[in-house]
Protein chains: 2
Amino acid sequence: MKAETIQRSLEDSGLRCTAQRYAVMAFLMEHKGHPTAAEIFEGVNRLDPRSSRATTYNNLRDLVKAGLVSEVAVEGRAGRFDAKGTRHHHFICDRCGSVEDMDWYNVPKPASRSLGKRVVRECQLIFRGLCTKCAARRASR
Amino acid sequence: MKAETIQRSLEDSGLRCTAQRYAVMAFLMEHKGHPTAAEIFEGVNRLDPRSSRATTYNNLRDLVKAGLVSEVAVEGRAGRFDAKGTRHHHFICDRCGSVEDMDWYNVPKPASRSLGKRVVRECQLIFRGLCTKCAARRASR
DNA sequence: ATATTAGATTAGATATATTCTAATTATTCG
DNA sequence: CGAATAATTAGAATATATCTAATCTAATAT
Ligand SMILES: [Mn+2]
Ligand SMILES: [Mn+2]
Ligand SMILES: [Zn+2]
Ligand SMILES: [Zn+2]
C-alpha cells in the first residue's frame with residue numbers, strides 16, 4: 001500500500017506525516033517528469049487547495065535533507081525534483097528541456113591521481129541530446 | 001597570443017569581437033572556478049567599469065549559443081559558466097558548493113535498448129562529495 | 001483532560017537571479 | 001555619407017526562492 005509506504009518513510013526520517021508533506025511526496029511518486037516546485041505546488045492544490053507555496057518549498061527542502069527526494073542538477077532557473085527510487089541517470093533534451101530517466105549502470109571511478117584527496121559520495125551521469133519526440137520532429141523535416 | 005585566439009573564435013562564430021564580449025570570454029578563461037553571471041559582471045567591471053548587467057547576460061547567452069561557453073548543470077539558483085576548453089567532468093562539493101574540473105575520461109554509452117530513439121550529443125559526469133579542503137576540515141575534528 | 005512544547009502551515013513581504021524594453025551608440029556595407 | 005544591422009545600456013519587469021511572524025496542530029508532560 002503506497003500510502004503506508006510514504007507514511008513510514010517520512011516517519012523513519014523523523015518527519016511528521018502531514019497532509020501537505022504527504023501530498024508532495026505522493027505527487028513526486030506519481031509524476032516521473034521531474035517537476036518544478038511551481039508544478040508541484042499547482043498539482044498538489046489542483047483538487048483540494050490546501051498547501052501554501054511556502055509549505056511546498058519547506059517540505060521539498062525537508063524531503064531533500066531527509067534523502068527521500070533529490071534535486072536534479074539542470075541548468076536553468078527552476079529546480080527540478082525527483083522522488084528517490086531506484087538509481088538512474090538522466091537524459092536532458094537540448095530542444096524541449098525535458099528531463100527523462102535512463103536506466104542506471106555502473107560508471108568507472110576516476111583515477112585516484114585525478115581524484116586527489118576528494119571524497120566521492122556519488123556520481124551522476126547526464127546525457128544530452130534530442131529526446132524521442134524531438135528527434136522524430138527533426139528527422140521529418 | 002590569447003587576445004587573437006579569443007578574437008578569432010568569436011569571429012568564427014559570427015559574433016563581433018566587442019570589448020564587452022571579449023571581456024566576458026577572457027574572464028572565463030582566466031577564472032576556472034565556474035563563476036556566476038554576477039561574478040563575471042563584477043569581475044569584468046572591476047578595473048574599468050564598462051559593461052552593463054544586461055550585456056553580460058546577453059553575451060553569456062550568445063557565447064553559450066555559439067558553443068564557446070557552457071553552462072554547468074548545478075542545482076542552486078545561479079547559473080555557473082565555463083569556457084569550453086578541453087573536455088572534462090565536474091566535481092561539486094556538498095559542503096562549500098565549489099565546482100571543480102576533473103580529468104576527462106571516456107564513459108560507456110548506455111545500452112541502445114535503454115536509449116531508444118534518443119540521440120545523444122554528449123555525456124557529462126558529475127561527482128559529488130567533499131572537496132580537498134572540506135575533506136581535510138572534516139578529518140581534523 | 002489540560003497545559004506545555006515543538007513542529008508545521010500560512011499569507012504576504014522580501015530577496016535574488018534573469019530577462020525584457022525602448023532608447024542610444026557603434027559598426028558594417030552599399 | 002547614409003541606411004541597415006548589431007550591440008549596449010539603465011532601469012523596469014518577471015520568475016524563483018526564502019524569510020517573517022502569526023497561527024494552528026500534534027505530541028508529550030502534568
Ligand atoms: Mn529522475
Ligand atoms: Mn569546468
Ligand atoms: Zn525534446
Ligand atoms: Zn568544499
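Order of the sequence lines fixes the chain letters, A, B, ..., with proteins taken first and strands second; residue numbering starts at 1 for each chain.
- Nearer to the 5' terminus of DNA chain D, by closest-nucleotide assignment, is the contact made by B/N58 (compared with the other of B/N58 and A/R77).
- Here the side chains of B/V44 and B/Q20 are not in contact, with every heavy-atom distance at 4.5 Å or above.
- Remark: side-chain polar atoms of A/D82 are not paired, donor with acceptor, to backbone N or O of A/E71 under 3.5 angstrom.
- Using cut-offs of 30° and 60° on the angle between ring planes, the pair B/W104 and B/H89 is parallel.
- When each of C/dG12, D/dT8, C/dT9 is scored by its nearest atom to the side-chain atoms of B/T18, the top-ranked nucleotide is D/dT8.
- Distance CG (B/N59) to P (D/dA7): 8 Å, rounded to an integer number of Å.
- For the pair A/F41 CZ and D/dT16 P, the interatomic distance rounds to 13 Å; values are reported in whole Å.
- Here the C1' atom of nucleotide D/dT16 and the CD atom of A/E75 are 16 Å apart, to the nearest Å.
- One can place CG of A/L15 at 20 Å from P of D/dT25, the figure rounded to the nearest angstrom.
- If you take CZ of B/R50 and P of C/dA26, they are 13 Å apart, rounded to a whole angstrom.
- A/L68 and A/F81 fall within a single hydrophobic cluster, where Ile, Leu, Val, Met, Phe, Trp and Tyr are joined by side-chain heavy atoms under 4.5 Å apart, directly or via other members.
- For the OP1/OP2 pair of C/dT19 and a distance below 4.0 Å, the side-chain nitrogens and oxygens of B/Y57 include no atom meeting the criterion.
- Residue contacts shown for A/T36 are absent, as no nucleic acid heavy atom lies under 4.0 Å away.
- At whole-Å resolution of the value, CD in A/E71 and C1' in D/dA17 are 11 Å apart.
- Relative to the side chain of B/A54, the nucleotides C/dT18, D/dT8, C/dC20 differ in distance, and C/dC20 lies closest.
- As a whole-Å value, the separation of A/R80 CZ from D/dA17 C1' is 16 Å.
- Rounded to an integer number of Å, the gap from A/R21 CZ to D/dA26 P is 13 Å.
- Nucleic acid contact class of B/T55 (heavy atoms, under 4.0 Å, all strands): base.
- With sequence neighbours left out, B/H34 forms a ring-ring contact (aromatic ring centres under 6.0 Å, His included) with B/H90.
- Of all nucleotides listed (C/dA6, D/dT9, D/dA6), C/dA6 comes nearest to the side chain of A/R16.
- Closest-nucleotide positions on DNA chain C for B/R61 and B/A78 were compared, and the one nearer the 5' end corresponds to B/A78.
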